[in-house]
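Structure first, commentary second.
Count residues from 1 along the sequence. These figures come from a predicted structure and were not determined experimentally.
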Amino acid sequence: MAALSKSIPHNCYEIGHTWHPSCGVSFLQITGGAMEESLKIYIPLYLIAAILRKRKLDYYLHKLLPEILQSASFLTANGALYMAFFCILRRIFGKFYSWSPGFGAALPASYVAILIERKSRRGLLTIYMANLVLLFSITAAMYMFFFRCKDGLKGFTFSALRFIVGKEEIPTHSYSPETAYAKVEQKTKKQEEKSRGMNIIALVRKLVDSVCKHGPRHRCCKHYEDNCISYCIKGFVRMFSVGYLIQCCLRIPSAFRHLFTQPSRLLSLFYNKENFQLGAFLGSFVSIYKGTSCFLRWVRNLDDELHAIIAGFLAGVSMMFYKSTTISMYLASKLVETMYFKGIEAGKVPYFPHADTIIYSISTAICFQAAVMEVQNLRPSYWKFLLRLTKGKFARMNRKVLDVFGTGASKHFEDFIPRLDPRYTMVPPELPIELS
C-alpha cells in the first residue's frame, strides 16, 4: 500500500490528460466521447425495456427521450467530472498524492453524477467479492421468494419477474384452483366452437394445445391450459426467443455500420454465440424454476411460497450459460436495497438518508483508484467499459510516473510513453522522480 502522505510534483497534463495540455479542452473531449457512448448504451436499453413493459404511445412521445437523456447525462458526468476534479485537486494541493488521481477525483465526481440519475435507478454498487453462479443462485432464490409472497415485491421488479416466469406463478392466496379450472374449461369450449374452418397453421397449433391439455397437471398448479411438462417447455421456448431477440437488437447498430464495407458481417447479427447464450440463460432459468415448482407441488401436495426459494436457487445455475457479473451484482445489490427498505418499513432497520448515493460514490471511487494505480487488480470488463466511455483516453495516463507509489501502476503499460510538450511540463521526463 502506497503511503498516503507521499507526493509527486507533476501537473495534471503530465499524468492525466497527456493528449492535450489544456484542462478545459481535455474536459470537453472526454465529455463529448462519454456522451456519445452513453447514448449508444442507453438508447437500445430503454427501447428494449419499454417494449418488454408494453409501454403506451404516450410514453414514447413524452417520457422516453427525457429518461434516455437523464441516464446518459449521469454516465457522461461520471466520466467528465472525474477529469474535472482530477485537475481541480492538482490545483488545490499543488501536487499529486497516491489517493488523489484515483479515489480523490472519482469520489466527488461520482457523487455529483449519481444525483443526476433517476432515483429509481440508483442501484447499490459493491466490490466484486463472491462466486458468480453461487451469488446469482442465492439472489434468485430470495427474489423468487419475495415474488411469491403477498406484497413482497412491487414496481418494475415485480413486473419484470411476472413477464419472465409468467403470471401462473403469482400466488393469489384466496384462489381456488378447481373454480379457476372450470372457468378456463368453459372459455376453452367456446373458443373451440368458434375455431372451425381454421387454416393449416391454426389446426397444428390446436393439435399441440390438445396434447398439452391432456397431460399430467397437479391440482395446485395454476397453468390450467397446459400440463406440467409442456408448461416448462413453453416457458423455455418463450424466454429463449426473448433473449435471442434482445441480443440481436443490441448488435444491430454495429452490424449496420459495416453494411456496405463488410456485408457478410450481417450474418453475425443472427448467428452469434452471445445471442444463443442469453437465450439459453433466460430459457433455462424459467424452465428450471417452473419445473422445480411443479415438482415440489407434486411431492408436497400443496403450493407454498417456500418452494420459490428452492426453485429460484436451482434456476440460478442457468447463469452458467451467460456468465455476467454485471447482471449478478446488479440484482444482488437491488436485493440488498429491497431487504433494507423492507426492514425500514418493519421498523427493524434505521433509515440513513442518501445511503444509496454514498455507497455508489465510494464504490465507484474505489474502482477508479484501482483503474489508475492498479489496473491489474481491476475486473477486465470494467476496464473495457472505462476505455469505451473515454474513447481509450484512460489508457493514456502517464502511469510510469505513478510507479513511485509502489502499486505497479504501469504494469501492462510498459510500452506507452506519452509525447509531452516540454513547455507545459514541470518535471523533465528524463529525470528520476523522487517522493516528497
Less than 4.0 angstrom from a charged side-chain N to a carboxylate O is my criterion; do Lys40 and Glu37 meet it?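 Counted as a salt bridge, because a side-chain N and a carboxylate O are separated by less than 4.0 Å.
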Quick one: does any side-chain atom of [X] pair with a main-chain N or O of [Y] as donor and acceptor, under 3.5 Å?
X      : Y      : result
Gln70  : Ile116 : yes
Glu117 : Leu115 : no
Lys391 : Ile30  : no
Ser98  : Phe405 : no
Thr364 : Ser361 : no
Asp304 : His307 : no
Thr18  : Arg396 : yes

So, do [X] and [Y] sit near enough that their side-chain heavy atoms are less than 4.5 Å apart?
X      : Y      : result
Gln369 : Thr407 : no
Met339 : Phe146 : yes
His17  : Cys23  : yes
Leu81  : Tyr111 : no
Arg90  : Ile15  : no
Phe147 : Arg162 : yes
Leu389 : Ser38  : yes
Tyr46  : Ser71  : yes

Looking only at heavy atoms, which two atoms of [X] and [Y] are closest? And how far apart?
X      : Y      : result
Val372 : Ala409 : O-CB, 3.9 Å
Leu378 : Ala371 : CD2-CB, 3.8 Å
Thr31  : Thr76  : O-CG2, 3.6 Å
Ser22  : His20  : N-ND1, 3.0 Å
Phe321 : Gln277 : O-CB, 3.3 Å
Leu161 : Tyr143 : CD1-O, 4.2 Å

Might you confirm whether atom CG of Leu28 has over 12 heavy atoms from other residues, nucleotides or ligands at distances under 6.0 Å?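 Yes.
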Take atom CZ of Phe276 as the centre, draw a 6.0 Å sphere, and report whether it contains more than 12 heavy atoms from other residues, nucleotides or ligands. yes
One should read off an interatomic distance between Lys290 NZ and Lys234 NZ, to the nearest 0.5 angstrom, of 10.0 Å
Out of curiosity, Met397 CE to Phe413 CZ, how far, rounded to the nearest 0.5 Å?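 Between atom CE of Met397 and atom CZ of Phe413 there are 9.5 Å.
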Would you check, one step at a time, whether the test side-chain contact (heavy atoms from CB on, under 4.5 Å) holds for Val375 with Lys411? CA-CA 8 Å; Val375 178; Lys411 189 175 183 179; over 6 Å; no
Can you tell me how the ring of [X] sits relative to the ring of [Y], calling it parallel under 30°, perpendicular over 60° and tilted otherwise?
X      : Y      : value
Phe86  : Phe96  : tilted
Phe285 : Tyr289 : parallel
Phe240 : Tyr244 : parallel
Tyr382 : Phe385 : tilted

Under the side-chain contact (heavy atoms from CB on, under 4.5 Å) rule, what do Val286 and Phe236 come out as? Steps first, then yes or no, please. CA-CA 6 Å; Val286 172; Phe236 175 85; over 6 Å; no
Candidate pair Thr390 and Met83, rule side-chain contact (heavy atoms from CB on, under 4.5 Å), full reasoning: CA-CA 10 Å; Thr390 61; Met83 189 77 267; over 6 Å; no
Just checking, is any N or O donor in the side chain of Asp403 or Ser410 under 3.5 Å from an acceptor N or O on the other one? yes
Return the set of residues passing side chain to side chain contact (heavy atoms under 4.5 Å, CB included) with Ile310 (not counting sequence neighbours), or none when no residue passes.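 Ile310 satisfies side chain to side chain contact (heavy atoms under 4.5 Å, CB included) with Thr292, Leu296, Leu314 only.
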For ring pair (Phe, Tyr, Trp, His ring centres under 6.0 Å), just list the numbers for Tyr82 and Phe394, CA-CA rounded to whole Å, side-chain angles, deciding distance to a tenth of an Å, and then say yes or no. CA-CA 11 Å; Tyr82 168 75; Phe394 217 123; 5.8 Å; yes
Not counting sequence neighbours, list each pair that qualifies as a salt bridge (Lys or Arg N to Asp or Glu O under 4.0 Å) and has a residue in residues 57-79. Glu67-Arg118
Salt bridge (charged side-chain N to carboxylate O under 4.0 Å, His left out) partners of Arg238, counting only residues at least two apart: none
